[in-house]
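Accompanying notes for the structure given below.
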Protein chains: 2
Amino acid sequence: MADTFINNPSFFKLDATLKKLRNYWQKMFDSRQMDITVDQWLLVENLYKHKKTTHNELARNTSKDITTISRIIELLVKKGLVKREADTYDRRKIYLQLTPDGTEKYKAVKPLVHEMRKTGWKSLTEADYAELTRILDTIYNNIPTKV
Amino acid sequence: MADTFINNPSFFKLDATLKKLRNYWQKMFDSRQMDITVDQWLLVENLYKHKKTTHNELARNTSKDITTISRIIELLVKKGLVKREADTYDRRKIYLQLTPDGTEKYKAVKPLVHEMRKTGWKSLTEADYAELTRILDTIYNNIPTKV
DNA sequence: TAGCAACAGTTGTTATAGCAACTATTTTGC
DNA sequence: GCAAAATAGTTGCTATAACAACTGTTGCTA
C-alpha cells in the first residue's frame, strides 16, 4: 500500500525525528559534562532571552504544561541556575530569572546548541525550513483545541 | 531577528505540533470512552498489522525504547488486549499478539484514528506530505547516532 | 462588601522516555 | 566443549507530560 498520510501514522515520523534529535542533544550535553537536560536547557534559553518572566509565560513560550514548568523550575532552582522573586503587587505571581550561574550555564551551552542546529539542518535550505514551518503550522492549526 | 533554523529552536515547532496532535488524539479517545492511551494504541495497531511479534521488533517499528515497550505491553496484558507466548526454540523470546478483545479494540478505535488523520491533514496535499517526509527524513539522517 | 469566579502556582497520580544494571538464555570464539 | 560475548527482556531510577484537586490571592458583581 502506498505511504500516504492516511495509512501512515500521522505523527510517527514527527515522533521518531523528535526523539532522535532529543537523544542526540542529550548525549552531546552529557558527553560535554553540561549537567543539564534538553528541557531544562529550553527553559534556561527562554529565561536568558526574557530576563524576567513567570511560570505561565514560560509555559506559553515553550508549549509546556504549567505543572511541567513548575517541576523543571524546581530542579533549576535546586541547581542554583534560577531564582524566584515574589511580585510586590500580586502575591500570586512569582518572577523567575537566571542567577549569575544560570547565565554562565547559558553561555557555556549555547555554542554547542548552535552547532547541533547546523548539524540537523545540514544539506537543507532556508526554503526547506520555510516549507517545514508552513506544513507544521497548518497541521497545528487544523487540530481542534476542543474535541 | 529573522526566524531561521539557526536561531529558532530546531525542534520547538516539532515538539509543539506533536504535543497538540497527541493531546487531541487522547481527548478524542477519552471522550469516546476508548479506554486507551495514544501509545498503547500505536502498539495495538502495530500488533494488528504484524499479528505476532516480539518486544524488540515492536521497539524498532515504533521508535520506542525497549523498556518503554515492556511497560506498555504489561499494561495491555493487564487490560486483556495482548497475550504473551513463549518461543519454543529460544526461551529468551516472547511472542506478543492481540487477544480477541485486542482485535475488537483495534476495530473500535480504527475509524476514529482515520478521521483524526484526515482532520490533521486537512487543506494539505499528498505533495505536502512528500515534502514533510523528505525534510524530516533528511534531518533524521543528519543526526549522528554516536556523539 | 460579601461571596464567588478567575487566576497563579503546587502537589498527587499515572503514563511515556531512556539509561544502567540485572537475570536468563543462546551464540561465538578459541 | 567451555568461557566470554551477545541477545531478550525486566526492574530501578530520574525526568517530562498532563489531568485533577488543592492552596492562596485577586477581581468582579449582585
Side-chain angles (χ1 to χ4, degrees), chain A residues 11-12 15-31 35-43 53-60 62-79 82 84-96 145 147, chain B residues 11 15-31 35-43 53-60 62-79 82 84-96 145-147:
Chain A
F11 57 68
F12 172 76
D15 190 45
T17 306
L18 189 57
K19 263 182 204 153
K20 195 163 175 192
L21 268 170
R22 188 179 290 275
N23 287 352
Y24 169 56
W25 281 45
Q26 190 62 58
K27 279 181 182 152
M28 291 287 275
F29 286 170
D30 291 348
S31 73
D35 187 33
I36 198 167
T37 68
V38 174
D39 295 282
Q40 286 167 19
W41 160 255
L42 293 177
L43 293 206
T53 184
T54 62
H55 291 71
N56 254 321
E57 284 182 68
L58 270 182
R60 276 195 299 274
T62 58
S63 274
K64 289 181 183 302
D65 195 88
I66 192 173
T67 61
T68 300
I69 297 290
S70 185
R71 281 165 173 127
I72 298 177
I73 288 295
E74 178 63 23
L75 293 174
L76 291 174
V77 168
K78 275 186 188 154
K79 280 184 175 174
V82 168
R84 299 188 178 103
E85 191 184 330
D87 184 309
T88 322
Y89 304 105
D90 186 339
R91 287 192 298 168
R92 291 171 305 183
K93 273 194 183 171
I94 301 169
Y95 286 113
L96 303 166
T145 303
V147 299
Chain B
F11 57 68
D15 189 46
T17 306
L18 189 57
K19 263 183 206 154
K20 195 163 176 192
L21 267 170
R22 187 180 292 274
N23 288 351
Y24 170 55
W25 281 45
Q26 190 62 57
K27 279 182 183 153
M28 290 287 274
F29 286 170
D30 291 349
S31 73
D35 187 32
I36 197 167
T37 68
V38 174
D39 295 283
Q40 287 166 20
W41 160 256
L42 294 176
L43 293 206
T53 182
T54 62
H55 291 71
N56 254 321
E57 284 182 69
L58 270 182
R60 276 194 300 274
T62 58
S63 275
K64 288 180 184 302
D65 195 89
I66 191 171
T67 61
T68 301
I69 298 290
S70 184
R71 283 165 172 125
I72 297 177
I73 289 296
E74 178 64 21
L75 293 175
L76 291 174
V77 168
K78 275 186 188 154
K79 281 185 175 173
V82 168
R84 301 186 177 102
E85 191 184 330
D87 184 309
T88 322
Y89 304 106
D90 185 341
R91 287 192 298 168
R92 293 169 305 182
K93 273 192 184 173
I94 301 169
Y95 286 113
L96 303 166
T145 304
K146 289 277 177 201
V147 300

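All values derive from a computational prediction rather than experimental measurement. Reminder, nothing fancy here: chain letters follow the sequence lines and each chain counts from 1.
- Whole-Å rounding puts the B:R84 CZ to D:dA8 C1' distance at 13 Å.
- Reading DNA chain C from its 5' end, the first and the last nucleotide to sit under 4.0 Å from a heavy atom of chain A are C:dA6 to C:dC19.
- A salt bridge does not link A:K93 with A:E85: every distance from a Lys NZ or Arg NE/NH1/NH2 to an Asp or Glu carboxylate oxygen is 4.0 Å or more.
- Side-chain contact between A:V38 and A:F29 is present, with at least one heavy-atom pair separated by less than 4.5 Å.
- The shortest distance between side-chain heavy atoms of B:T54 and B:L96 does not fall below 4.5 Å.
- Under the 3.5 Å distance criterion, the side-chain polar atoms of B:T62 are matched with a main-chain donor or acceptor of B:L58.
- Summarising the geometry, the separation between CD1 on B:I66 and P on D:dT11 is reported as 13 Å, rounded to the nearest angstrom.
- Side-chain atoms of A:R91 and base atoms of D:dG27 include no donor and acceptor less than 3.5 Å apart.
- In this structure, B:N56 atom CG and D:dT7 atom P are separated by 10 Å, rounded to whole Å.
- Among A:R22, A:R71, A:Q26, the one residue that satisfies the side-chain hydrogen bond (donor to acceptor under 3.5 Å, both in side chains) test with A:D39 is A:R22.
- Across all strands shown, C:dC4 forms a Watson-Crick or G-U wobble pair, both distances under 3.5 Å, with D:dG27.
- Within the 4.0 angstrom heavy-atom criterion, no nucleotide atom of any strand lies near B:I69.
- Nucleotides of DNA chain D nearest to A:T37 and A:R92 differ in position, and the one nearer the 5' end is that of A:T37.
- A residue-by-residue look at B:R71 and B:T88 shows that B:R71 has its nearest nucleotide of DNA chain C further toward the 5' end.
- Under a 4.0 Å N-O distance rule, the pair B:R92/B:D87 does not qualify as a salt bridge.
- Rounding to whole angstrom units, CG of residue A:L43 and P of D:dA15 are separated by 14 Å.
- A straight line from CH2 of A:W41 to P of D:dT16 spans 15 Å, rounded to a whole angstrom.
- Between A:D65 atom CG and D:dA20 atom C1' there is a gap of 11 Å when expressed in whole angstrom units.
- Remark on DNA chain D: of its neighbouring residues A:K64 and A:D90, the 5'-side contact belongs to A:K64, judged by nearest-heavy-atom nucleotide.
- For the pair B:T68/B:I72, a side-chain contact is recorded, criterion being any heavy-atom separation below 4.5 Å from C-beta on.
- Mapping A:R22 and A:E57 onto DNA chain C via the closest heavy atom, the residue that lands nearer the 5' end is A:E57.
- Across all strands, B:Q40 comes closer than 4.0 Å only to sugar-phosphate atoms, never to a base (heavy-atom distances).
- Atom NZ in B:K19 sits roughly 8 Å away from atom C1' in D:dT16 (whole-Å rounding).
- Distance, B:I73 CD1 to D:dT10 P: 9 Å, rounded to whole Å.
- Judged purely by atom type and a 3.5 angstrom limit, B:K20 has no side-chain atom pairing as donor or acceptor with the backbone of B:D15.
- Dashed line: the shortest gap from a side-chain N or O of B:H55 to OP1 or OP2 of D:dG9 is under 4.0 Å.
- Note on A:Y89: only backbone sugar-phosphate atoms sit closer than 4.0 angstrom, heavy atoms only; bases stay farther off.
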